[in-house]
Enquirer: 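To start, I am sharing the structure in question, which I have written as C-alpha cells.
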Amino acid sequence: MNPDVLLDGATHRDGRAHEVWAWMREHDPVHWHEPGDFPGFWSLTRHDEVREVLRDPVTFSSASGILLRPLAQGADPGGGRTLALAAPARHQVLREAVAGWFAPRNLRRLTESMEAVARTAVKESLAAGRIDFVADVAARLPVEVVCAFLGIPPADRPDLVAWAWDAFCAGTATERSLAHLEILEYFTDLALHRRDTPGDDLVSVLTQVTVDGEPLPIDDVVLNCDSLFVGGTENVRQTLAGGMLALLEHPAQQELLRADFDGVAATAVDEILRFTTSGLHTMRRATRPADVGGRSVAEGDLLVCWLPSANRDAAQFPDPDVFDVTRTPNRHLALGIGPHYCVGTQLAKLEIRAVLREFLAQARDVTLDGPVERLDSLVVGGPRRLPLRLT
Ligand code: HEM
C-alpha cells in the first residue's frame, strides 16, 4: 500500500481512500511523506494522534495554513490572519469577536427563515420530480444562511449563490479562480462600506475588531469573510449531500429517522457528520520537536490530520464502517476539536436538521436517478452530483 495515493484527488473521488487509511491505521499510523509536488509531511490517521495534535495549538500551530498546498502555489495568503489561521493570542481576540454570532440565542432568530428556505427548496424539487440534490437543495440553504450572517442584501444573494457554485463546484480551475475573485471583490466593497456605516452583521463586527490596539486591515476583514463564506457553505453542502446518499443506501436507517424524527435527529446528524466527514484534512506545523504516536517530529514539520480516517478508527468507534443513526457516544472529529473547533457547529447542525426534516416529511419516496459523481479533491469530499427522483 502506498500512502502517497492520498495526494491524488482521484483516490478520494473513487472512494479508495478509506482502504488506504484503514491499512495506515493498522500498519503505519504516523507516516512520513517525502517532498515532491507537495512539501514533506506526516500523515496522522488515528483518532488518538489527531485529537492530541488539534488540542495543542502551541506545539502544533495552524498559523502558516491548515490545507496541504502544492509547493508551486506558495504560502497561504490567509496565514496568521484569519480565525482558523491565527496564532493563539490573536485567535482568542477574533474568536471572541465572532463567537456571539454563533450562540444559540442568535441562531434561534434564524431558525424560522432557515426552515422556510429548506421548505421552498424541497417543494420546488418535488414539483420538478427529478433533481440534482447537490445543486437544487444542498447548495442553497448554506449560502442563504451565511449571506444572512454577513448582512448581504437579499438582492445580491443570487450572485453569491452563482459565484459560490462556480468557485467550488463547477468548471475548470481558471473558471473557479475567476469566480472566487468575484467573491473577494464583492467582500472588499462590502467591508469598506460597513467600516464607514456599520450595521448589525458579522462584516461590521469584523471591521470594528481591534488587535493590539489596531483595527483589522481591510484585507484581513475580507479574508475572514471569505473563510466564513467558504467554511460555512462548502462543508454544509457536502455533509447534506453525503448524508442524503447515506440515508438512501441504508433504507432501514432512513426508516428509523422517518419514524421518530425528533427523537433520532440529534444522533443522526452527528452520525452523518462522522460517516461523511466532508472536511478531508486539516494541517498543523510543529513549533518544537515532539513525539507523535512514537515518531519523532522535528520543529517546522507539517502534520496532516486525515479527519475521515480518525472518524473510522475502531479504537474509538465500534463497527466504524456501519452507518448507525442512533450511535452514541459519537466523539467524531468532523468539526475538529480544541481551540479551533468549528465555530459554526450549532449552525451547521441546525441547517442539516432543517433540510432533512423537510425532505423526509414532504418526499415519501426518494430514489437514485443515475450515477453519483463525487468531488475530486484533497480538501472537501462527497457528492458533486446526486441525481434523485422524488414522489
Ligand atoms: C457540516 C458543516 C461543517 C463542517 C464539517 C466544518 C468543519 C470544520 C472543521 C473540521 C474545523 C476545524 C479546522 C481546524 O481545526 O483546523 C472548522 C473550523 C471552522 N469552521 Fe467549520 N465546519 C462546518 C460548518 C461551518 C459553518 C456553518 C461555519 C460558519 C458559517 C463554519 C466556519 C468555521 C470557522 C470560521 C472555523 C475556524 C474556527 C477557529 O479557528 O476558531 N463552519 N470547521
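We count ligands from 1, going down the list as the structure has it; atoms in each ligand are counted the same way.
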Enquirer: Check Arg331, Arg327, Lys349 against Asp270 for a side-chain hydrogen bond (donor to acceptor under 3.5 Å, both in side chains) and give me the one that passes.
Expert: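 Looking at Arg331, Arg327, Lys349, the match for Asp270 under the side-chain hydrogen bond (donor to acceptor under 3.5 Å, both in side chains) is Lys349.
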Enquirer: Does the Lys NZ or Arg CZ of Arg353 fall within the cation-pi geometry relative to Phe261 - under 6.0 Å from the ring centre and within 45° of the axis?
Expert: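 Judged by the rule, Arg353 and Phe261 form no cation-pi pair.
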Enquirer: Evaluate His340 for polar contact with ligand 1, using N/O atom pairs at a separation under 3.5 Å.
Expert: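 Between His340 and ligand 1 (N or O atoms, distance only) the closest approach is under 3.5 Å.
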Enquirer: Just need the protein heavy atom nearest to atom 11 (C) of ligand 1, so name the residue and atom and give the distance.
Expert: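 Of the protein heavy atoms, Leu335 O, 3.8 Å lies nearest.
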Enquirer: Looking only at protein heavy atoms, which one is nearest to atom 35 (C) of ligand 1, and what is the separation?
Expert: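 Of the protein heavy atoms, Val343 CG1, 3.6 Å lies nearest.
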Enquirer: Using 0.5 Å steps for rounding, measure from the CG atom of Leu280 to the OG1 atom of Thr11.
Expert: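 It comes to 11.0 Å.
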Enquirer: Would you indicate whether Gln73, at its atom CD, is surrounded by more than 12 heavy atoms from other residues, nucleotides or ligands within a distance under 6.0 Å?
Expert: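 Yes.
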Enquirer: Regarding atom 3 (C) of ligand 1: of the candidates Asn235, Leu228, Val236, which has the closest heavy atom?
Expert: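 Of the listed residues, Asn235 has the closest heavy atom.
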Enquirer: Looking only at protein heavy atoms, which one is nearest to atom 7 (C) of ligand 1, and how far off is it?
Expert: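 Looking only at protein heavy atoms, the one closest to atom 7 (C) of ligand 1 is Ala334 O, 3.5 Å.
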Enquirer: Which is closest to atom 27 (C) of ligand 1 in terms of heavy atoms, Gly232, Cys305, Gly336?
Expert: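 Considering heavy atoms of Gly232, Cys305, Gly336, the nearest to atom 27 (C) of ligand 1 sits in Gly232.
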Enquirer: Which residue owns the protein heavy atom closest to atom 23 (C) of ligand 1, what's the atom, and how far is it?
Expert: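 The closest heavy atom on the protein side is Cys342 SG, 3.6 Å.
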Enquirer: At what distance, to the nearest 0.5 angstrom, does CG of Leu333 lie from SG of Cys342?
Expert: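 The CG atom of Leu333 sits 13.0 Å away from the SG atom of Cys342.
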Enquirer: Mark the output for Ser278 as yes if a heavy-atom distance to ligand 1 is under 4.0 Å, and as no if none is.
Expert: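 It does; at least one heavy atom falls under 4.0 Å.
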Enquirer: Quick one: CZ on Arg384 to CG on Asp376, what's the gap to the nearest 0.5 Å?
Expert: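 That separation rounds to 7.5 Å.
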Enquirer: Show me which atoms of ligand 1 lie under 4.0 Å from any heavy atom of Arg284.
Expert: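 In order of number, 14 (C), 15 (O), 16 (O).
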Enquirer: For Arg274 versus Val322, what's the shortest heavy-atom pair and its separation?
Expert: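 Nearest heavy atoms, Arg274 then Val322: NH2-O, 3.0 Å.
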Enquirer: Looking at every non-hydrogen atom in both residues, tell me the closest pair between Leu54 and Pro339 and how far apart they are.
Expert: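 Here Leu54 and Pro339 meet closest at O-CD, 3.9 Å.
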Enquirer: Based purely on interatomic distance, does Arg95 place a nitrogen or oxygen under 3.5 Å from a nitrogen or oxygen of ligand 1?
Expert: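 The answer is yes, given that Arg95 and ligand 1 share an N or O pair closer than 3.5 Å.
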Enquirer: Should we count CD of Glu373 as having more than 12 external heavy atoms under 6.0 Å?
Expert: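 Above 12, so yes.
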Enquirer: Identify the heavy atoms of Leu94 and Arg81 that sit nearest to each other, and give their distance.
Expert: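 Closest heavy-atom pair between Leu94 and Arg81: CD1-O, 3.8 Å.
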Enquirer: Pull out every atom of ligand 1 sitting under 4.0 Å from any heavy atom of Leu273, numbered as shown with elements.
Expert: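 So the atoms of ligand 1 that pass are 1 (C).
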Enquirer: From the options Thr282, Ile272, Leu240, select the one whose nearest heavy atom is closest to atom 16 (O) of ligand 1.
Expert: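 Among Thr282, Ile272, Leu240, the closest heavy atom to atom 16 (O) of ligand 1 belongs to Thr282.
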Enquirer: Give me the residue, atom name and distance of the protein heavy atom closest to atom 37 (C) of ligand 1.
Expert: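 Answer, as residue, atom name and distance: Ala84 CB, 3.8 Å.
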Enquirer: Which bit of Thr345 gets closer than 4.0 Å to ligand 1, counting heavy atoms only: side chain, backbone, both or neither?
Expert: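 Looking at Thr345 and ligand 1, no heavy atom falls under 4.0 Å.
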Enquirer: Tell me if a side-chain donor or acceptor on Asn106 pairs with a main-chain N or O of Phe102 at a distance below 3.5 Å.
Expert: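 No: the side chain of Asn106 does not pair with the backbone of Phe102.
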Enquirer: For Asp313 and His47, indicate whether the former's side chain and the latter's backbone hold a donor-acceptor pair under 3.5 Å.
Expert: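 Pair found, side chain donor or acceptor close to backbone of His47.
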Enquirer: Does ligand 1 have a heavy atom under 4.0 Å from the side chain of Glu234, from its backbone, from both, or from neither?
Expert: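 Neither part.
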Enquirer: Hey, which atoms in ligand 1 end up nearer than 4.0 Å to a heavy atom of Leu307?
Expert: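 In order of numbering, the contacting atoms are 10 (C).
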Enquirer: Work out whether the distance between some heavy atom of Phe102 and some atom of ligand 1 is less than 4.0 Å.
Expert: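 Yes, that is the case, since the closest heavy atom of the residue is under 4.0 Å from the ligand.
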Enquirer: Please determine if His91 has a nitrogen or oxygen closer than 3.5 Å to a nitrogen or oxygen of ligand 1.
Expert: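 Yes, there is a polar N/O contact under 3.5 Å.
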Enquirer: With a heavy-atom distance limit of 4.0 Å, tell me whether Thr239 approaches ligand 1 through its side chain, its backbone, both, or neither.
Expert: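 The side chain, only.
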Enquirer: Numbering the atoms of ligand 1 from 1, which are under 4.0 Å from a heavy atom of Ile66?
Expert: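 So the atoms of ligand 1 that pass are 16 (O).
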Enquirer: Using a 4.0 Å heavy-atom cut-off, which part of Val145 comes near ligand 1: side chain, backbone, both, or neither?
Expert: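 For Val145, there is no contact with ligand 1 at all, from either part.
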Enquirer: Mark yes or no for whether His193, through its side chain, and Asp189, through its backbone, hold a donor-acceptor pair below 3.5 Å.
Expert: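 Pair absent, no side-chain N/O of His193 close to backbone of Asp189.
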